[in-house]
Amino acid sequence: MPELPEVEVVRRGLERWVAGRTVAAVSVAHPRSVRRHVLGAVDFSARLAGRRVVGARRRGKYLWLPLDSDDAVIAHLGMSGQLLVRPALEPDETHLRVRVTFTDAGGELRFVDQRTFGGLAYESGGALLPRSLAHIAPDPLDPAYDAPTVVMALRRRRTGLKRALLDQTLVSGIGNIYADEALWRAGLHYARATDTLTRAEALRLLSQARAVMTEALAAGGTSFDALYVDVNGRGGYFDRSLAVYGRAGRPCRRCGAPIRRDPFMNRSSFTCPRCQPRPRRGRW
DNA sequence: CCTGCCGCCTGCGCGC
DNA sequence: TGCGCGCAGGCGGCAG
């Protein structure tokens, strides 16, 4: 469940339903889901057993559960990952990859991931900010986020605007949906060269990115299908408020022109051709 | 350093 | 009905 609002919905669920509980046992059904844990699945399970989860934190699209050992379990949902809190008696999901049981009578935590791009890892000393996430920039909802710093960094880049927005080392949490939505709100085209942006344009874009993700979070995130759900399996309803993403051929909510879809980095970009004219000399 | 491309996976809907 | 293709909210590693 990819982008910042959806991941934050999951974080809140973990904080409510998992924090404070002590792990009884961990079983890894698919080793690929713990591939980032270098010492392997058996070691991963052994380190986690007996530990108490003390919270649930997030930076960009990464989650981590700080533990009473001052270590942390890092989680990334990739394209199709889910973290679900389910009664132990519920049948296993088809793509159940990791199961965490607790010493109390509450539900178990399940990592379900169809495509296995996501995964879990145990990191020593990672409770505050895991070392493996040091390259991830603060996201727009983080108190450590400083827009003027990002504006400067963005304008120093020599690339296309959407590429930069998707670069998690510049600003984190933005993915394909909210990049397109922020660009539409700011009236900027995805191929605009970053080094031609004015400070005002860059600031406007970042403000719109934060605004759209804040609104999406309030709606529980964007859920086109059952893959994107909170820890209790419920989806959000921000898909109704999307202006361009997934709306090819339908009228722009601002000017009525048909939204267009362009191939972009083996995926798609959605724009309003009138509100976001392609720059004469853009950059892919 | 910085930028851009590729591969990693499974499943679904579409056209033939 | 079956099959191949394109497509899907992402990322790390590596080449140039």
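Just so you know, these numbers use all the heavy atoms, side chains as well, and skip hydrogens, waters and symmetry mates.
- Side chain of A/Tyr62, nearest nucleotide from C/dG12, B/dC9, B/dT3: C/dG12.
- Taking side-chain N and O atoms only, A/His30 has no distance below 4.0 Å to OP1 or OP2 of B/dC9.
- Ring planes of A/Phe238 and A/Tyr178: tilted class, angle from 30 to 60°.
- Contact check on A/Arg12 versus A/Glu15 returns no salt bridge, with no Lys/Arg side-chain nitrogen under 4.0 Å from an Asp/Glu carboxylate oxygen.
- For the pair A/Arg253 and A/Trp184, the cation does not sit on the ring face, since its NZ or CZ is not both under 6.0 Å from the ring centre and inside 45° of the axis.
- Secondary structure note: stems in DNA chain C built from 3 or more consecutive Watson-Crick or G-U wobble pairs under 3.5 Å occupy B:2-8 with C:10-16, B:10-16 with C:2-8.
- A heavy-atom distance below 4.5 Å is not found between the side chains of A/Leu83 and A/Val18.
- Along DNA chain C, the nucleotide closest to A/His135 and the one closest to A/Arg115 are compared, and the more 5′ of them pairs with A/Arg115.
- Within 4.0 Å (heavy atoms only), A/Thr159 reaches sugar-phosphate atoms of the nucleic acid but no base atom.
- Nearest nucleotide to the side chain of A/Arg32, out of C/dC11, B/dG11, B/dC8: B/dC8.
- Using a cutoff of 4.0 Å between basic side-chain nitrogens and carboxylate oxygens, A/Arg47 and A/Asp43 are scored as salt-bridged.
- A/Ser268 has a side-chain polar atom (N or O) that falls below the 4.0 Å cut-off from OP1 or OP2 of C/dA8.
- Using a 4.0 Å heavy-atom distance criterion, A/Phe238 is classed as making no nucleic acid contact.
- Between A/Arg261 and C/dC7 there is a side-chain N or O to OP1 or OP2 distance below 4.0 Å.
- Taken residue by residue, residues 169-187 of chain A places heavy atoms nearer than 4.0 Å to DNA chain C at A/Gly175, A/Asn176, A/Ile177.
- In this structure, the side chain of A/Asp68 engages the main chain of A/Arg52 through a donor-acceptor pair within 3.5 Å.
- A/Ser223 comes within 4.0 angstrom of a base, heavy atoms only.
- Formation of a donor-acceptor pair under 3.5 Å by the A/Ser223 side chain with backbone atoms of A/Gly236 is found in this model.
- Stacking of the aromatic ring of A/Phe117 onto the base of B/dC8 is found: the ring centres lie under 5.5 Å apart and the planes are inclined by under 30°.
- A/Arg58 and A/Asp139 are joined by a salt bridge, as a carboxylate oxygen and a charged side-chain nitrogen come within less than 4.0 angstrom of each other.
- For the P atoms, the distance linking B/dC9 with C/dC3 amounts to 24 Å, nearest Å.
- Taking 4.0 angstrom as the limit, A/Arg158 places none of its side-chain polar atoms (N or O) nearer than this to OP1 or OP2 of B/dC2.
- Between A/Asp167 atom CG and B/dC5 atom C1' there is a gap of 14 Å when expressed in whole angstrom units.
- Contact annotation: A/His76 side-chain N/O to C/dC11 OP1/OP2 distance is under 4.0 Å.
- At least one donor-acceptor pair under 3.5 Å links the side chain of A/Arg86 to the backbone N or O of A/Asn232.
- Among the protein residues, A/Arg36 comes within range of the sugar-phosphate backbone only, with heavy atoms under 4.0 Å from sugar or phosphate atoms but none that close to a base.
- Between A/Arg163 and the phosphate of B/dC5, there is a side-chain N or O to OP1/OP2 separation shorter than 4.0 Å.
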